[in-house]
Amino acid sequence: MTMSHSDTGQQAPIAATDSVGDGRPPRLGAAGWLRWLWAQLTSMRTALLLLFALAVAAIPGSLLPQRDVGPIRVSDFIAENPNLGPIYDKLGLFGVYTSPWFSAIYLLLFVSLIGCILPRAAVYARALRRPPPRTPRNLSRLPVYTVSELQSDTSGPVVLRKAAAELRRRRYRVVEHEGSVAAERGYLREAGNLVFHSSLVVLLIAVAVGGLYGFRGSAVVVVGQGFANSLTQYDDLTTGGWFTERQLRPFSIDITDFRVAFETGPVQTGAARLFELDTMVTDQPGSTPYPKTVEVNRPIRVQGTTVHLIGHGYAPVVTVRDGTGETAFAGPVVFLPQDGTFTSLGVVKVPDGRPERLAFEGIFAPTAKVDEKGPRSVFPDLIDPALYVNVWYGPPKTETGRPENVYSLDTTGLTQLKEADGEPIRVLLRPGTRYTLPDGKGSIEMTGVVRWVKLQMSDTPGLRLVLGAIAAAVLGLCLSLFVRPRRIWVRVVDTTDGAHQLEVGGLDRADARAGLDTDIADLSTQLTTSNRTTMS
């Protein structure tokens, strides 16, 4: 582009789009680069790429253990993979959903979608106010076009009024011009696109709210005991970044009964047939308890918290007396099932035994059998229960206040109790039986067996918003896929011999043109009585 000069002989300033004298393109400057970056970020292509990147970034969170859900599993993974584990940890793959790179993709997608939606919404609003475009000068250039001769006694204005009425019946927006009619429909297609993309924004917000304020925890409760919704009552608890203890509503649940039934017939022996948990729920301290029944896949809602039944098992009731004859431990001990017949493992810890502390590792079988495979259960129901334990002893342990796993035994500082021939002592207990330990170390008795259940308490504040956003996204997608934006024009023209001709032309504004030629032909047939129709 040549540069112009003013009348005073001074050189005019170079415009932003002009090239410099040596032919190089002009510098964009900071504002220009920001506009370019914003245009790239808010393009639909970038939004789709970020959506795909978000899906790919979530894959490690499904394949690798996450620290906020299973910190022990993460530690085990790092110990088993000393080379990859530390690298994964530095990359944040054990905390994918809270990592900076995942959050960056999430926020960029959020901004990109909003940048896509706002300009398109403004364009759509203007399109809604704009009437259908006037009839083109040459309708024969349209993709679908018909021309028909009208009868000599047919009035052009009458035909056009009939055309306008028919198009309105077909849900077109119609504008009547002198000698022609313009009609358009399919405005909901763009509305569907906007609804779909807006739903994605709402979905991102809802997921963020749930991730920041939600929580999920579980607790094992023995039948006959209860659970109070406080931090100390949870066995494990996963919370969002902005979760506070005040979000835990002060309700309590007492477990009154747990009914279980298993298949005893020859087909599917041992399959579960009934799980019903009877509870008494107290909404808040001082309120009147009321009964609620919890079943698998049928949770209850208490003060906005969802309570699921997610597991169950057996807890032998054990009484341990130490070497002084005093009761050092008494109560149910939770054993964890290892298979479908509920062969269960557990530990009885007696840290308060004197003069020595005691510990027992055991296997509990609700229907016991001992064969070449060792002690095990052959049926999941409580038919012939037995408890098999090994015995450990050692000096009293100094309390450190550090938490430890109640389902496993750390034998550091302990000695296994053995027979005279050096074989470990193996104790078989059935309900009502007692075994006296040698060397005056005490005794262990199984007084009975009770059941335990595992409850999961959770609250996801944005869950309903997520479901609503998904439903709206599906609706918007259906509108954008199945609504066809279409324009039709009808015109009556006079021929040189004084006759009248009806011209009907149509244009599909979407890629799919299925049905347009049929609609045009039907409309032309309705408006004329002559069958002489030329299609182009």
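Heavy-atom basis, side chains included; hydrogens, waters and symmetry copies ignored. One-based numbering along the sequence shown.
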List the atom pairs, donor and acceptor, that lie under 3.5 Å between side-chain atoms in residues 45-55 and the rest of the protein, sequence neighbours left out.
from	atom 1	to	atom 2	distance (Å)
Thr46	OG1	Gln40	O	2.4
Thr46	OG1	Ser43	OG	2.9

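Remark: Leu475 CG to Leu479 CG distance equals 4.5 Å, nearest 0.5 Å. One finds the CG atom of Asn229 at 5.5 Å from the OG1 atom of Thr305 (value rounded to the nearest 0.5 Å). To the nearest 0.5 Å, atom NZ of residue Lys454 and atom OG of residue Ser218 are 4.0 Å apart. Summarising the geometry, atom CZ belonging to Phe360 is positioned 11.0 Å from atom CG belonging to Leu409; distances are rounded to the nearest 0.5 Å. Atom CD of Gln303 is separated from atom OG of Ser287 by 8.0 Å, given to the nearest 0.5 angstrom. To the nearest 0.5 Å, atoms CG (Leu455) and CG (Asp235) are separated by 10.0 Å.
You'll find the side chain of Tyr106 reaches within 4.5 Å of the side chain of Leu204, heavy atoms only. The shortest side-chain heavy-atom distance between Tyr97 and Phe102 falls under the 4.5 Å cut-off. When side chains are defined from C-beta on, Val453 does not count as touching Val220, because their heavy atoms never get closer than 4.5 Å.
Glu245 CD: 12 or fewer foreign heavy atoms inside a 6.0 Å radius. Annotation for Asn297: atom CG does not count as buried by contact number, only 12 or fewer foreign heavy atoms lying within 6.0 Å. For Arg464, the CZ atom sits in a loose shell: 12 or fewer heavy atoms of surrounding residues, nucleotides or ligands are nearer than 6.0 Å. Within a 6.0 Å sphere centred on NZ of Lys441, heavy atoms belonging to other residues, nucleotides or ligands number more than 12. Around the CZ atom of Arg430, the shell of radius 6.0 Å holds more than 12 heavy atoms that belong to other residues, nucleotides or ligands.
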Using side chain to side chain donor-acceptor pair (under 3.5 Å), reason through Asp459 and Tyr213 one step at a time and then give a plain yes or no. CA-CA 9 Å; Asp459 183 22; Tyr213 293 100; over 6 Å; no

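Under 4.0 Å is where a charged nitrogen must lie from a carboxylate oxygen, and between Arg354 and Asp352 no such pair does. Using a cutoff of 4.0 Å between basic side-chain nitrogens and carboxylate oxygens, Glu423 and Lys418 are not scored as salt-bridged. One finds a salt bridge joining Arg376 and Asp371 here, because a Lys/Arg side-chain nitrogen approaches an Asp/Glu carboxylate oxygen to under 4.0 Å. Between Glu326 and Arg321, no side-chain nitrogen of the basic residue sits less than 4.0 Å from a carboxylate oxygen of the acidic one, so the salt-bridge criterion is not met. The pair Arg451-Asp381 meets the salt-bridge criterion, since a charged nitrogen lies less than 4.0 angstrom from a carboxylate oxygen. Comment: Asp236 does not engage Arg216 in a salt bridge, judged by the lack of any side-chain N to carboxylate O separation of less than 4.0 angstrom.
If you check the side chains of Tyr290 and Asp283, you find a donor sitting under 3.5 Å from an acceptor.
Aromatic ring centroids of Phe379 and Phe342 lie 6.0 Å or more apart.
Classified by interplanar angle (parallel below 30°, tilted 30° to 60°, perpendicular above 60°), the ring pair Phe215/Tyr234 is perpendicular.
A ring-ring contact (aromatic ring centres under 6.0 Å, His included) with His312 is found for exactly one of Trp452, Phe275, Phe335, namely Phe275.
Of all heavy-atom pairs spanning Phe364 and Ala386, the tightest one is CD1-O, 3.3 Å.
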